[in-house]
Every structure is written in C-alpha cells, then in structure tokens.
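Read through the structure below, which is laid out as structure tokens, and then see the notes.
Quick caveat, the model's predicted, so the values are computed rather than measured. All residue numbers in this chain count up from 1 along the given sequence.
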Amino acid sequence: MIFTAGEADVAVVLGPGGPVGTAWLLGLAAGLREAGVELSEADLLVGTSAGAIAGAALAVGRDLDELAELPPAPPEGRIGDPTVMPRVLRMLNTPGADPHEALRQVGELALRADALPEERHVAAMERLVGTTTWPDRPLLITAVDAGSGEHMVWTRDSGVPLHLAVAASSAAPGHAAPVTIGAHRYMDGALGGGSNVHLADGAGTTVLVEPLGHMFPGPRIEAGVRIVPDEAALEAFGPDVGDRSRWGQVYESGLRQSAGLADRIRPYLAGGRSGPV
C-alpha cells in the first residue's frame, strides 16, 4: 500500500541514520522548536527508521529535552552483529540484481541474524516515542516486510500501535530483530527506499532532513529545502551510526546546527515554542 502527499502544501520527510542520526534529528528539531519553527506543523510528516522515531516523537508533542540523553546502556553492552549491514548493502547494490528479490534475501538474512530481541527493541521505541497512540497530525511510517520484501506504509488508520510501527521501521538487520505485526515481520523502512521522499510527491513544498545525506546524492526537490549534517555534526557522529554512547553530543550538535537553519525553514513552517497541540 503506497500513500502520496495529495494536496499537502508542505511535507516534512525525515530520513534514516541509526541511533546517532536519531539523536541529531531530535536535537535539530528541538532547536528549531525553540526558534519557533515546528517541523510537525507540516501538512504531512514522513518518517523512516531514525526519521520514524523522531517524526513520531515530534508529532505526538514529546518534550524533546527529555530525549537529550539516553538511559545507560545495559551491562552486556551492544547486542547485534555489525557485519550484517555491510552484507545487506552488497546484496542491495549487486549490479543487475532484481530489487524485489534482493529485498527478500535481505529479509531472510535479517530474520536469522544475531540482533537485539524484538521485545526489547519495541519497549525501547515506546520509551522514546512516549505513547502507543497515533497523533491526529498526518504521519506516515515506512517499513519492509521481511518475508516478502514488500514495502509498507502505516498511518493512524492502519490499526497498528504507533510504537510497533516505529519499531518495525527502525529494525535494521543485525541491530534489531524484525518486528512482528499481525502475521508478518517487518524490518527497516530505509531498505525499501532510503528516506522514501517519493511519499511527498504532490506536496507543494518538501523539507527533507537526512542524517545520512552527506553519503548520497540528494534527490531532486522542485520546491523546498534539503538539510544534512554539517561538518561539526559529522565529527560528533563518529564512524559508527550505531554508537549509542555518542547520543548526547550528537543531540547537542543538532541543537547547534538548528540556529543556522531556522530562517531557511521559517518561510515554510512556523509553530509555537510549545510545539504541537
């Protein structure tokens, strides 16, 4: 099922980027909110992976200051297999490979990979988002069916609890196990189309915020703005987007970068300091 922006005047699209990308998005959004620019005031909000976490937190009116630091990591440290994602990228980028078949093979790998158990990942996403209930604001959350390779887009009308949709969208192979929703298991929405900016097709203006945008050429945006981490933010990111220990400093880098972006985005969006109501 694919949704489009329809008659939306402004769409905000938040892309993937692992834990550090999530922290940067939240810090950036917090700084913009302080400057009177509320990203969730858009007519449509699209979130994928890290962007699903940040987008949901924004749309439900979460106090972003509460997310400036993560709780201490469990004593056993990081769980998962960091060798999985490089294998996934090779599978998806094999010349001549059928994209749908490649996604199905990635799903097979994700289902058998060593990763954070889904119940722990789901619980962590509920803590970050702060609720299981969808907001009234238009919000799209993307994922990929790990069994079939089919793309999925959830909305508040889908009957799926918000935290489950967010957990599925951010279940990167080797990081978190695919998430069970109904009779299917779902994995990271970025595997099906990066930031999924195509879901904003038809909007008058698109504000695209991509934590990993420095790694890939940007899509063509007819009207709007594309935001990627600046050099200081990238230094805070470090070499591993899964490094939770960098969360606080990356969040701060997003706050700092927001100061130079508020005036660029203000013509499109203008919310109050208190955030969504």
(message) My understanding is that only residues two or more places apart in sequence, or in another chain, count here; which of them pass side chain to side chain donor-acceptor pair (under 3.5 Å) with Asp240?
(response)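 Once residues adjacent in sequence are excluded, the partners of Asp240 under the side chain to side chain donor-acceptor pair (under 3.5 Å) criterion are Arg78.
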
Side-chain donor/acceptor of [X] to backbone N/O of [Y], under 3.5 Å:
| X | Y | value |
| --- | --- | --- |
| Arg246 | Pro19 | no |
| Ser169 | Ser49 | yes |
| Arg156 | Asp136 | yes |
| Asp145 | Ser148 | yes |
| Thr155 | Leu140 | no |
| Asp43 | Asp9 | yes |
| His163 | Leu128 | no |
| His151 | Thr142 | no |
| Trp247 | Leu67 | yes |
| Ser158 | Val160 | no |

(message) Within the structure provided, determine whether Tyr186 and Trp154 are in side-chain contact (heavy-atom separation under 4.5 Å).
(response)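 A side-chain contact under 4.5 Å exists here.
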
(message) Within the structure provided, determine whether Leu162 and Pro135 are in side-chain contact (heavy-atom separation under 4.5 Å).
(response)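 Leu162 vs Pro135: side chains touch.
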
(request) Return yes if a side-chain donor-acceptor contact under 3.5 Å exists between Glu38 and Ser40, otherwise no. (result)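 Ser40 and Glu38 do have a side-chain donor-acceptor pair below 3.5 Å.
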
Could you state the interatomic distance from [atom1] ([X]) to [atom2] ([Y]), rounded to the nearest 0.5 Å?
| X | Y | atom1 | atom2 | answer |
| --- | --- | --- | --- | --- |
| Ile181 | Arg185 | CD1 | CZ | 11.0 Å |
| Leu212 | Ser195 | CG | OG | 8.0 Å |
| Asp243 | Gln249 | CG | CD | 8.0 Å |
| Leu45 | Leu139 | CG | CG | 5.5 Å |
| Ser258 | Glu34 | OG | CD | 9.0 Å |
| Leu58 | Leu26 | CG | CG | 7.0 Å |

(request) For salt bridge (charged side-chain N to carboxylate O under 4.0 Å, His left out), just list the numbers for Arg256 and Asp230, CA-CA rounded to whole Å, side-chain angles, deciding distance to a tenth of an Å, and then say yes or no. (result) CA-CA 10 Å; Arg256 180 203 47 74; Asp230 61 15; 2.9 Å; yes

(request) Decide, yes or no, whether a salt bridge links Arg62 with Glu66 under the criterion of side-chain N to carboxylate O below 4.0 Å. (result)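 Looking at Glu66 together with Arg62, the answer is yes, because their closest N to O distance falls below 4.0 Å.
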
(request) For atom CD of Glu108, decide whether the heavy atoms of other residues, nucleotides or ligands shown that lie under 6.0 angstrom number more than 12. (result)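 Yes.
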
(request) Given side chain to side chain contact (heavy atoms under 4.5 Å, CB included), test Leu92 with Val106 step by step and report yes or no. (result) CA-CA 8 Å; Leu92 294 177; Val106 167; 3.8 Å; yes

(request) Please report the C-alpha distance between Val60 and Arg137 in whole Å, then the side-chain angles of each, then the deciding distance to 0.1 Å, and finally whether the side chain to side chain contact (heavy atoms under 4.5 Å, CB included) criterion is met. (result) CA-CA 8 Å; Val60 302; Arg137 300 184 185 280; over 6 Å; no

